Number of protein chains: 2
Amino acid sequence: MAMKGREIILGILQSGPHTGYEINDILQTRLSHFFDATFGMIYPTLKKLEAEKLVTKQQISQTDRPNKNIYTITEVGQAEFSKAIGAPTSDEILKSDFLMHLYFSQDLPKDQVTVFFQEEIARKEVKLVTLQAQLATWIENGMTERQKVTFDYGIAYYTATLAVLKKAVKSNQ
Amino acid sequence: MAMKGREIILGILQSGPHTGYEINDILQTRLSHFFDATFGMIYPTLKKLEAEKLVTKQQISQTDRPNKNIYTITEVGQAEFSKAIGAPTSDEILKSDFLMHLYFSQDLPKDQVTVFFQEEIARKEVKLVTLQAQLATWIENGMTERQKVTFDYGIAYYTATLAVLKKAVKSNQ
DNA sequence: TAACGCATGTAACAGGTTACATGATTTA
DNA sequence: TAAATCATGTAACCTGTTACATGCGTTA
């Protein structure tokens with residue numbers, strides 16, 4: 001059984017207390033190339049985690065900004081997380097809507113396919129730049145050697161697939 | 001809205017009538033690097049598609065093997081598929097349980113992490129070999145230029161990430 | 001004045017997963 | 001004789017998605 005939203009959030013809280021908003025930010029910047037999350041998943045999960053005593057909530061009132069809830073992992077939460085991190089890893093899952101379209105695009109006009117290519121290239125370039133831009137601050141705030149591998153993996157992935165896409169869009173024209 | 005199971009199955013049926021078993025086979029060999037399916041999804045989807053008249057079912061009795069159902073796409077199904085294939089593509093989604101483990105592995109012993117690396121490398125090598133082995137028969141049975149791009153994408157992806165993984169497992173030892 | 005950042009939450013729903021159930025023939 | 005191939009299906013469940021709802025302060 002792969003690690004799900006609950007374990008990911010527990011994992012992020014291991015590096016210190018955070019709000020749901022901050023958890024989302026970490027997910028969007030540093031883990032976005034191998035996991036994706038939305039607020040619609042984060043807040044309900046945090047609520048369940050609190051009900052199960054895996055995290056505790058501290059409410060902070062703010063005047064200039066909305067009030068916030070800071071979540072801290074408990075010992076029970078730590079134990080649950082340790083169990084999950086030691087469990088065997090499962091298969092990676094990639095769902096590419098772009099490749100799906102391309103695979104079945106035999107009846108689409110060339111121009112339409114070119115647009116799909118360009119959109120996918122643009123998306124990947126944004127992802128690549130976002131990830132690369134993270135590196136400096138990430139190292140400052142403490143990046144482990146193992147986390148560096150997840151970073152390298154993302155860069156290699158985007159770089160290699162962008163090359164294929166850019167070559168293909170040329171021969172499509 | 002990304003293409004879901006129903007559109008994928010409709011897409012496969014565009015290249016001719018197939019059984020659920022055959023659909024699974026195509027998915028596991030040629031599309032497995034960007035989509036994954038299970039029988040638990042395929043058969044119920046086929047049933048819904050038939051109820052909605054997007055496909056028709058022909059029952060074939062066999063003596064030496066189990067009976068089978070051959071599904072054929074209808075005109076309504078064609079129309080639905082054309083609509084889906086022309087719609088904008090959405091973001092790719094990658095979920096890597098291995099990278100998740102690696103990212104949060106600070107408390108795991110080196111040996112355990114090495115095992116995770118080796119397992120992931122083995123999985124990817126199998127995927128790479130399976131995909132490469134498909135090429136010859138795929139070309140014979142008709143592979144479009146665009147499908148060739150999805151193939152190249154998969155090869156580039158596995159090759160690039162395997163290189164990162166192999167380098168990292170060495171420095172981990 | 002529009003957009004963005006901060007900040008949280010719910011309800012309905014869709015979609016797929018997992019586990020189970022069956023069984024003959026062929027290949028290693 | 002164990003395992004793989006062919007072949008289909010259901011039921012319960014889980015997890016996450018989408019859309020909606022609110023609202024102030026700051027920056028462009």
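All values derive from a computational prediction rather than experimental measurement.
- Atom CZ in A/Arg65 sits about 17 Å away from atom P in C/dC4, given to the nearest Å.
- When the nearest nucleotides of DNA chain D are assigned to A/Gly5 and A/Asp64 by heavy-atom distance, the more 5′-ward of the two goes with A/Gly5.
- Looking at heavy-atom distances under 4.0 Å, B/Gly40 makes contact with a base.
- B/Tyr71 comes within 4.0 angstrom of the backbone, heavy atoms only, and of no base.
- At a threshold of 4.0 Å, the pair A/Glu119-A/Arg123 does not count as salt-bridged, since none of the basic side-chain nitrogens sits closer than that to a carboxylate oxygen.
- What separates CD1 of B/Ile23 from C1' of C/dG16 is a distance of 17 Å, to the nearest Å.
- When the shell of 6.0 Å around CD of A/Glu145 is examined, it contains 12 or fewer heavy atoms from other residues, nucleotides or ligands.
- Across the protein-nucleic acid pair, B/Gln62 atom CD and D/dT5 atom C1' stand 13 Å apart, rounded to whole Å.
- With DNA chain D read from its 5' end, the first of the two nearest nucleotides for B/Ile70 and A/Pro66 is the one closest to B/Ile70.
- Note: CD1 (A/Ile8) to P (D/dG16) measures 9 Å, nearest angstrom.
- Counting any heavy atom pair closer than 4.0 Å across all strands shown, A/Thr45 reaches no nucleic acid atom.
- A close approach under 4.0 Å does not occur between any side-chain nitrogen or oxygen of B/Asn67 and OP1 or OP2 of C/dA24.
- In this structure, NZ of A/Lys48 is placed 13 Å from C1' of C/dA11, rounded to the nearest angstrom.
- Atom OH of A/Tyr43 is separated from atom C1' of C/dA11 by 17 Å (rounded to the nearest Å).
- Between A/Trp138 and B/Tyr103, the two ring planes are tilted [angle within 30° to 60°].
- Listed candidates were C/dG5, D/dT8, D/dT18. Nearest to the side chain of B/Tyr21 is D/dT8.
- Between A/Lys57 and A/Lys4, the residue anchored nearer the 5' end of DNA chain C, judged by the nucleotide with its closest heavy atom, is A/Lys57.
- Here the nucleotide nearest the side chain of A/Phe39, chosen from C/dA7, C/dG16, C/dT8, is C/dT8.
- Separating the CE atom of A/Met41 from the C1' atom of C/dA11 is a distance of 18 Å, rounded to the nearest angstrom.
- Of the listed nucleotides (C/dT8, D/dT8, C/dG16), C/dT8 has the atom at the smallest distance from the side chain of A/Thr19.
- Annotation: A/Gln62, atom CD; neighbour count of heavy atoms from other residues, nucleotides and ligands within 6.0 Å is above 12.
- Distance, B/Asn24 CG to D/dC6 C1': 12 Å, rounded to whole Å.
- Residue B/Pro44 has its side chain nearest to D/dT10 when only C/dT17, C/dT8, D/dT10 are considered.
- The phosphate of C/dT10 (OP1 or OP2) has a side-chain N or O of A/Lys47 nearer than 4.0 angstrom.
- A cation-pi geometry, defined here as NZ or CZ lying under 6.0 Å from the six-membered ring centre and within 45° of its normal, holds between B/Lys95 and A/Phe35.
- Contact check on B/Glu52 versus B/Arg6 returns a salt bridge, with a Lys/Arg side-chain nitrogen under 4.0 Å from an Asp/Glu carboxylate oxygen.
- The side chain of A/Met1 approaches C/dT18 more closely than any other nucleotide in the set D/dT8, C/dT18, C/dG16.
- Nucleic acid contact class of B/Asp36 (heavy atoms, under 4.0 Å, all strands): sugar-phosphate only.
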